[in-house]
Amino acid sequence: MRKNLLQTNSFRAKYQNLINEINLFEDNLKTLSDSELRAKNIKLRQQYQETQNLNPLIAESFALTREASRRTLGLRHFDVQLIGGLVLNDQKIAEMKTGEGKTLVATLPACLNALTNKGVHIVTVNDYLAGRDQTTMGQIYRFLGFDTGLIQNDMTSVERKKNYNADITYVTNYELTFDYLRDNMALNLSDVVLRPFNYCIIDEVDSILIDEAQTPLIISDNMETSVDKYIIASEITNYLEVNIHYKVDEKNKNVILTDQGSKQIEQILSIQDLYDVRDPWIPYVINAIKANALFLNNVHYIVQNDRIVIVDEFTGRIMPDRRWGDGLHQAIEAKEKLPIRQTTETAASITYQNFFLLYPKLSGMTGTGKTAEIEFEKIYNLSVEEIPTARPALRQDLPDLIYKDQFSKWSAIAQTCNQLSSAGQPILIGTTTVEKSEMLAQLLNEYNLSYQLLNAKPENVRRESEIVAQAGKKGAITIATNMAGRGTDIILGGNIRFIVQKELYDILTIARNYVLSKKLNILQSPLKSSFNSSSQTFLSVLFSLLSDQRFLQLSDIDILRILRETDKVSIPTTSYLCSIKFLIDELSRHYKKYQEQENKIVKNLGGLYIIGTERNDSRRVDNQLRGRCARQGDPGTSRFFLSLDDNLLRLFGGSKIQDFMQTQMLDDSPLESNFLTRSLDSAQERVEERAYQQRKNLFDYDDILNKQRRIIYFERRSILNSASNQRNILAYGEQIITDILFELKKEKISNQEILSLFENLFGTDLSKFYTQTSKSLLTEFNLAELKTILFNEFWLTYQSKINELEVYGDNICENLERSIILINIDKIWREHLQRMTLLREAVGWRGYGQRNPLYEYKQEAFYLFEDRQKTLRHVVIYDLLRASIL
Ligand code: ADP
């Protein structure tokens, strides 16, 4: 408590002057007309263009944004939200509790930084949130004269480019990163969709930069796959026993084959050497064992439409676009007897870690960042600032209850649900796997309790936001994976927006179908009962809508989309949208009173009760769950129910816990022991530390590839941008000749070799300079003369190629040269990526000696990269001098 107060004070002190200034602008801005406000914003834009300095503009720009928000959305930024905005503009992470209005906070630095005309990206975790935030907050931006963009999964590159050109663009981390990779594979400048990066605000920054940092994003091509090997390896696992033929290292998610295991497999396969590089079996076998021992259906993945779909361990969400690499995904497909999909070869890849570091100005928001502060600082140079809540926080975190085993734990959870819901207090239970959520559902059935179940299964995901939004209704029990319905507000007493949308959707679709099927009197329809309580104006607006041809032509999906969108805008653009908006407002008014009463009742019951069923691998994820209750000064309670055999304690609890478990005479009642709580905390910290080290390690290795990637992408982009690449071609030729002569001087190659090398590469005949083949070229010419001769020859060949090609049209040569260079850069980069992956594995083994694997990796990576440059020059010249147009 004391700490919070101190922090609040230090915050206020630091930003107080600016906040005073912003507040001073307020009275004056309130008196101005809408267009005068817009004019002020245009003036700020001009001021920036003159000074190139945003700092003097902060206060006025923030004040304008606040006023624009008040006029468009009816929301006036609280002072703590201004602090959040200042922190974001200072390139830091703002930690703001759930429900404190981060979406609105982002508008402040977004508008300020949009004054530069260089673009602002606001990154969210899914398409739904990006769309929702852009539509709502877009009203503020438009009011001030900024245009906003939105990137969605199904957009074409033309649409993407247009949206990235907007002042402020909402986009998911996934789309943004792939657009970057694709841009760097483009063969024409017109296909490039992104502008140079400027300023970025990442929402849920810990999810993106920490939880998802581990897996690189990959664009890949298919490769030939030995399907049989996967199937055979999977069958072999039936003949292997754990601890005899192999050992499982659960902590590191690894399996190790014993000698006996290797022999057994060699015998089954009738092969001599499992590790033979010419016919490698070992990766298939290891993956097959891993697939069996470490990857469980409905925990780590689900099977959907004959495919393995990964379930994110942290959030419980499915990740349909990801695949496990290095053959593991195929091994799991073989285990589940599904069709085996092709192995892929990486064409381009980057981790979020390195991607976001490309922004000159980066910031982020989250409800839970403080526990990962060190990581944010060390890797991203981002410090975390805790922003005080607008109203005092009333959440009560009760001490953990620890049970002796799973059975007692889950029974206690079910009993608690029974007790709490008999009074009507809403409960949200966070589970980590599909299996556990279904098991709890079964238990609740035994108590005859009704509940909503939300897990990674696709049939549930579609209704995710809706279910979570209603989790605060009186008597509601919601079982959900920890992070389900991210970004959805849980309002005590229920969320009327969703109720209204659903009811109006039913009315509109049923009524429209009724009219279309030419049934005459809609008042006789199944909707009869809904109309009884409706006002006369409601009915007349509805009838006018039903005679509007444009409305009648809409599909059900269109209606749903329109309802969602119209709900968020204050002034709809067309007449039938106006009618729909009117109906929404009418229904909302009707429900509002009822909702207010319900809200009071639920508050009196103590608000939302959060039940955690397992401590997660990181405190952040636990805090995210707790943070779903007690938003904006509401009451709320959280409690974790744990068991001694939960994964965290079992794997990381240490020997003391094992002893404790064995020596205690335990019954079904919970243990409340300081010793256990401390052990749990330290187990969790150990897991966090380990995960951090793994990410740090990945980062250190990736850093090397990252530097190379930057060089390649820079080189590639300058080639893409330039009208002509003749200078590059000549430079390539010159460098090749210099290299050849260097070899000749060192007597590494003979005369004959130089002749054929030159002839092969440049396609010219040198014999005219050289009659006595027995003599060395060097005896007839000195090095400088030779260089001139060779270069002239190259130049002549190149020139005649240009003459030959130019006949076909203007710019043919330039375009061809550009394509040849770009295609070869990509091809060689791709090969380089595969080599780097192999190198990474190889140095892993070398680490067993005295050598430092990272150092070794750096050295070799450098040589490989140098080789790459040389190969590029050769293939470009070779391809170009042999190019023809048919
Ligand atoms: P967070 O992302 O921090 O959990 P949201 O951005 O989803 O929070 O906002 C939570 C709710 O608070 C939304 O309904 C929003 O309209 C409301 N809200 C945000 N800022 C304000 C404000 N200044 N005044 C009133 N309501 C606000």
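Quick caveat, the model's predicted, so the values are computed rather than measured. Along the sequence shown, residues carry numbers from 1.
- Around CD of Gln859, the count of heavy atoms belonging to other residues, nucleotides or ligands within 6.0 Å exceeds 12.
- Of all the heavy atoms in Ala331 and Ala288, the pair that sits closest is CB-N, 4.0 Å.
- Judged purely by distance below 3.5 Å, without hydrogens or angles, the side chains of Asp702 and Asn354 pair a donor atom with an acceptor atom.
- Formation of a donor-acceptor pair under 3.5 Å by the Glu614 side chain with backbone atoms of Asp646 is not found in this model.
- Panel note: side chain Glu333, backbone Ile308; no donor-acceptor pair is recorded below 3.5 Å.
- The backbone N or O of Thr258 sits nowhere less than 3.5 Å from a side-chain atom of Lys247 that would complete a donor-acceptor pair.
- Summarising the local packing, CG of Asn238 is surrounded by more than 12 heavy atoms from other residues, nucleotides or ligands at distances under 6.0 Å.
- Counting only distance, with no hydrogens or angles, the side chain of Ser411 and the backbone of Phe407 share a donor-acceptor pair below 3.5 Å.
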- request: Run the numbers on Val255 and Ile286 for side-chain contact (heavy atoms from CB on, under 4.5 Å), then give the verdict.
  value: CA-CA 7 Å; Val255 294; Ile286 292 287; 4.0 Å; yes
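- With values rounded to the nearest 0.5 angstrom, Leu362 atom CG is found 4.5 Å from Ile202 atom CD1.
- Between the side chain of Gln834 and the backbone N or O of Arg830, at least one donor-acceptor pair lies under 3.5 Å.
- For the residue pair Gln624 and Asp206, a side-chain donor N or O sits within less than 3.5 Å of a side-chain acceptor on the partner.
- Heavy atoms of other residues, nucleotides or ligands lying less than 6.0 angstrom from CG of Leu296 number more than 12.
- Crowding of Asp700 atom CG: a count of heavy atoms from other residues, nucleotides or ligands under 6.0 Å exceeding 12.
- Remark: the Arg709 side chain and the Asn706 side chain contain an N/O donor-acceptor pair separated by less than 3.5 Å.
- Here Arg619 does not pair with Asp622 in a salt bridge; the nearest charged N to carboxylate O distance is not below 4.0 Å.
- You'll find the ring centres of Tyr380 and Phe356 outside the 6.0 Å limit.
- Interatomic distance, CD of Gln442 versus OG of Ser437, reported as 11.0 Å (0.5 Å rounding).
- With hydrogens and angles disregarded, a donor-acceptor distance shorter than 3.5 Å links the side chain of His329 to the backbone of Trp324.
- Rounding to the nearest 0.5 angstrom, the gap separating the CG atom in Asn292 from the CD1 atom in Ile236 is 12.0 Å.
- Under the 3.5 Å distance criterion, the side-chain polar atoms of Asp179 are left unmatched by any main-chain donor or acceptor of Arg182.
- Between atom NE2 of residue His832 and atom CH2 of residue Trp829 there is a gap of 5.0 Å, rounded to the nearest 0.5 Å.
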- request: Please step through side-chain contact (heavy atoms from CB on, under 4.5 Å) for the pair Ile265 and Trp281, ending with a clear verdict.
  value: CA-CA 10 Å; Ile265 298 166; Trp281 271 97; over 6 Å; no
- request: Give the intermediate values and the outcome of side-chain contact (heavy atoms from CB on, under 4.5 Å) for residues Leu209 and Leu382.
  value: CA-CA 11 Å; Leu209 293 190; Leu382 290 168; 4.2 Å; yes
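- Using a 4.5 Å heavy-atom cutoff, the side chains of Thr613 and Trp410 are in contact.
- Once rounded to the nearest 0.5 Å, the distance linking CD of Glu375 with CD1 of Ile210 reads 4.0 Å.
- Crowding of Gln693 atom CD: a count of heavy atoms from other residues, nucleotides or ligands under 6.0 Å exceeding 12.
- Taking 4.0 Å as the cut-off between side-chain N and carboxylate O, Asp703 and Lys707 count as a salt-bridged pair.
- A salt bridge between Arg615 and Asp400 is present, with a side-chain N of the basic residue lying under 4.0 Å from a carboxylate O of the acidic one.
- Between Tyr403 and Phe641, the ring planes lie parallel to each other; the angle is under 30°, not in the 30° to 60° tilted range.
- In Arg307, the CZ atom is not crowded: 12 or fewer heavy atoms of neighbouring residues, nucleotides or ligands sit closer than 6.0 Å.
- Within the 3.5 Å criterion, the main-chain N or O of Thr124 finds no donor-acceptor partner in the side chain of Glu204.
- By the 4.0 Å N-to-carboxylate-O rule, Lys263 lies too far from Asp259 to be salt-bridged with it.
- Lys335 contributes a side-chain N or O that, together with a main-chain N or O of Phe295, makes up a donor-acceptor pair within less than 3.5 Å.
- Note that CE of Met836 is 6.5 Å distant from CD1 of Ile704, once rounded to the nearest 0.5 Å.
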- prompt: Would Asp183 and Tyr713 count as a side-chain contact (heavy atoms from CB on, under 4.5 Å) if you check the C-alpha gap in whole Å, the side-chain angles of each, and the deciding distance to 0.1 Å?
  reply: CA-CA 10 Å; Asp183 271 3; Tyr713 284 1; over 6 Å; no
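- At a cut-off of 3.5 Å, with distance as the only test, a side-chain donor of Tyr451 or Asn445 sits close to an acceptor on the other residue.
- Side chain of Lys370 to backbone of Val384: a donor-acceptor contact under 3.5 angstrom is found.
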